[in-house]
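A, B, ... follow the sequence lines: proteins, then strands. Residue 1 opens every chain.
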Amino acid sequence: MPAVSFTGQPSERPPMYAVLSATRDGASVQLMGRDLQPVGPPDVTDRDGLPSLVHSLNDRRTADSPTSLRWVWADTTRWYPSLLAAGLRIERCHDLRLTRRIIRGSSLTADSHLAGRGEDHWDRATPASPPAAAPEALFDAPDDTFGGLAFADVDVLGEFAAQQDAISGSPSPRRLSMLVAAESAGALIAAEMSHAGLPWSAQLHDAVLTEALGPRPRLGDRPAILEDVRIEVAQALGNPSLNPDSATSLLRALREAGLDVESTRSWELQRIEHPAIEPLLRYKKLSRLMTANGWAWCDAWVRDGRFRPDYVVGGVVTGRWATSGGGALQIPHQIRRAVVADPGWTFVVADAAQVEPRVLAGMARDEAMAAAGQGGDLYSGIVATSALSTREEAKLALLGAMYGATTGASADLMPHLRRAFPTAIEYVAAAAAAGERRESVMTWWGRTSPQPGAWPTQESAARTAGRSWGRFTRNFVVQGSAAEWAMSWMAILRGQLSTLTLADRPDAGAIAPGAAPAPFGNHPHLVFFVHDEIVVHTPIECAGEVADLVRDAATAAGHLMFGDFAVDFPLSVAVVDCYADGK
DNA sequence: GAACGCTGCGCG
DNA sequence: AAAGCGCGCAGCGTTC
């Protein structure tokens, strides 16, 4: 079992904090003990001197603080990219902007001073844009404001104290500090993944596009194959100038051809027999490929063999990450062909199986569901209990339970699922009922659902809105807690990966002809994350070790959340040179 | 010509 | 088989 270093507890010696505040022309760092009393005078530096100051403090080890410092700062997106650019990493942080939002919103800290105050700049602050994606910086003054306040005027120490006070005064300080640590570790990981970038071959990307669409057309022209398919559709519908990209005119054309359709969605069209349908579905695929991930996308988002998504930690209400620009969380499987490891390197691609129902089993302490998931595929495990008869049925039923299906095949299977797993099903039903009563619900570690907006006064509309909000809160507890598991998984893994260091491998220089950018060098590092799936880019010789660490981290994350209530978190792990071969 | 809502589809 | 969760993004079509 790997040590869990990102949380700073439960077994470590007292941590030492390094509280980093902006000054007019640089920064100051105040070291503090666990009691939040200053240790020595602050170190002050100008902007250029910050990396070397951080470096020297990172290296500092004292009898009181054998572990690394936890850096406390207003906003990882404002500090960390430049430290990474200088070749530095830090081990742990407390991101006050992200954690402020959690603490202000959590039912666990509703009585704290922090929650009682009016909105201020901390609540208004948004993540800084990544350096490369901010061309406006050429024209405007550099953005040194934080939620409307000059960055140098932000009271970092005061905010940290207020947050610590809120956490320690809550009924479940352990849960909230786990969440705060995981969210902050997520902020570091997100910045590091953007810095490292996902290896991306523009050449292979072009090959995929050319095979599907024909050669790249000149600016303004349409790819030859796409246009050919459009003409096929248009002729089959007797409408030569048809533009299938217009849903309105396509629907009209389909109806004029005598087809009884409600919409132009692919799944609806699939069930229709007509010569236009096959080419139309083909057209939709190709058109989607070109507009979403075509040559223009590659030009815009791939630089120097890397795709650098801008991750937005906590960007989703549930705590899932979002991304802005480039659609990083929706990269089609088809285009993952272009994701290839550097020479001498490979990928460890790991996908966690059925995280949401497993987390549900842990939260509800549903022994039967946990047992069904033991060791392998949860859906098959459910079939083995005879609760449902096929894997597909089990999957459909479980998804329906977590999304709140009310009609159709999924809803029909619910009684069977409830009979087999009453405890788990009751857990999500209670979350739904709370939402219908307009009450908030919490994830396992205390992230709390927002208040619903205005409610309709008309009775049936109010009922509909209630059901809808109930489906949201039902899913919130599951999706949000799964996000907590995933962040813990990554954070633990990150801590373990950093132990595979050059120091252990004096000949490591020979491993990788083309090393990753500093500070990664020859070290395995995370390069991609999508909700329950991670990609580690690693020197080939470390791949086996990395795969083991990935599995161990999944197990450790499960224990971190649910203690000795045994819930398995099995992974599918692949060592592959191309991301498309990961599954 | 910018801003916005709608439709549709990619991902989990 | 085609609804029930969470997103981001592109293109269309309307509005200001």
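In the set B:dG12, C:dG11, C:dG6, C:dG11 carries the atom at the smallest distance from any side-chain atom of A:D245. Counting only heavy atoms from C-beta on, A:T248 has its side chain closest to C:dG13 among B:dG8, C:dG13, C:dG6. Distances from the side chain of A:R265 to the nucleotides B:dG12, C:dG4, B:dC9 place B:dC9 closest. Proximity note for A:A405 (side chain, C-beta onward) versus B:dG12, C:dG6, C:dG4: the nearest is C:dG4. When the nucleotides C:dG6, C:dG8, B:dC11 are ranked by their closest atom to the side chain of A:A322, C:dG8 comes out on top. Nearest to the side chain of A:V316, among C:dC7, C:dC5, C:dA3, sits C:dC7. With C:dC7, C:dG4, B:dC11 as the choices, the nucleotide that has an atom nearest any side-chain atom of A:R471 turns out to be C:dG4. Taking only side-chain atoms of A:F472, from C-beta outward, the nucleotide of B:dG10, C:dC5, C:dG4 with the closest atom is C:dC5. Set against B:dG12, C:dG4, B:dG8, the side chain of A:A247 has B:dG8 as its closest nucleotide. Which of C:dC9, C:dA2, C:dC5 sits closest to the side chain of A:Q330 comes down to C:dC9.
Backbone-only engagement by A:R336 is indicated by non-hydrogen atom pairs under 4.0 Å involving sugar-phosphate atoms exclusively. Residue A:G315 is classed as having no contact, given no heavy-atom separation below 4.0 Å to the nucleic acid. Residue-level contact check: A:E356 touches neither bases nor backbone, having no heavy atom under 4.0 Å from any strand. If you check every strand for non-hydrogen atoms under 4.0 Å, A:L399 touches nothing. Residue contacts for A:T264: at a heavy-atom cut-off of 4.0 Å it reaches the sugar-phosphate backbone alone, with no base atom in range. Residue A:R474 is classed as having no contact, given no heavy-atom separation below 4.0 Å to the nucleic acid. Residue A:T323 is in sugar-phosphate contact alone, with no base atom involved, counting any heavy-atom pair closer than 4.0 Å across all strands shown. Counting non-hydrogen atoms under 4.0 angstrom, A:G327 reaches the backbone sugars and phosphates but no base. Looking at heavy-atom distances under 4.0 Å, A:V317 makes contact with sugar-phosphate atoms alone, never a base.
Distance A:L198 CG to B:dC11 C1': 15 Å, rounded to the nearest Å. Remark: C1' of C:dC9 and CG of A:D310 are 15 Å apart, rounded to the nearest angstrom. For the pair A:L286 CG and B:dC9 C1', the interatomic distance rounds to 14 Å; values are reported in whole Å. Following rounding to the nearest Å, A:W267 (CH2) and B:dG10 (P) show an atom-to-atom distance of 14 Å. In this entry the distance linking CH2 of A:W485 with C1' of B:dG12 reads 13 Å, nearest Å. In this structure, CG of A:L413 is placed 13 Å from C1' of C:dG4, rounded to the nearest angstrom. Taking atom CD of residue A:Q479 and atom P of nucleotide C:dG4, one finds them 17 Å apart after rounding to whole Å. Computed from coordinates, the A:L329 CG to B:dC9 P distance equals 20 Å when rounded to whole Å.
Taking only side-chain nitrogens and oxygens, A:S246 comes nearer than 4.0 Å to OP1 or OP2 of C:dG13. Within the 4.0 Å cut-off from OP1 or OP2 of B:dC9, at least one side-chain nitrogen or oxygen of A:S266 is found. Within the structure, a side-chain polar atom (N or O) of A:K285 is placed less than 4.0 Å from OP1 or OP2 of B:dG10. An OP1 or OP2 oxygen of B:dC9 is reached within less than 4.0 angstrom by no side-chain nitrogen or oxygen of A:R288. Between A:N293 and B:dG10, a side-chain N or O to OP1/OP2 separation shorter than 4.0 Å is absent. Contact annotation: A:K284 side-chain N/O to B:dG8 OP1/OP2 distance is not under 4.0 Å. Distances shorter than 4.0 Å separate none of the side-chain N or O atoms of A:T291 from OP1 or OP2 on C:dC9. Using a 4.0 Å cut-off, no side-chain N or O of A:H531 falls inside it from OP1 or OP2 of C:dG8.
Contact annotation: the side chain of A:S488 approaches that of A:W445 to within less than 4.5 Å [non-hydrogen atoms, C-beta and beyond].
Nearest approach of A:Y283 to A:L226, heavy atoms of both residues: CE1-CD1, 3.7 Å. Across all their heavy atoms, A:D299 and A:R303 have their closest contact at O-NH1, 3.1 Å.
A salt bridge does not link A:R216 with A:E211: none of the charged nitrogens is closer than 4.0 Å to a carboxylate oxygen. Taking a cutoff of 4.0 Å between a charged side-chain nitrogen and a carboxylate oxygen, A:R100 and A:D95 do not qualify as a salt bridge. With respect to A:E256 and A:R252, no salt bridge is recorded, no charged nitrogen being found less than 4.0 Å from a carboxylate O.
Around the CD atom of A:Q203, the shell of radius 6.0 Å holds no more than 12 heavy atoms that belong to other residues, nucleotides or ligands.
Map A:A409 and A:S324 each onto its nearest nucleotide of DNA chain C; the residue landing nearer the 5' end is A:A409.
On a pure distance criterion of 3.5 Å, a polar donor-acceptor pair joins the side chain of A:R320 and the base of B:dG12.
C:dC12 and B:dG5 make up a base pair, with Watson-Crick or G-U wobble contacts both under 3.5 Å.
A:F421 contributes atom CZ, which lies 12.0 Å from atom CZ of A:R419 (distance to the nearest 0.5 angstrom).
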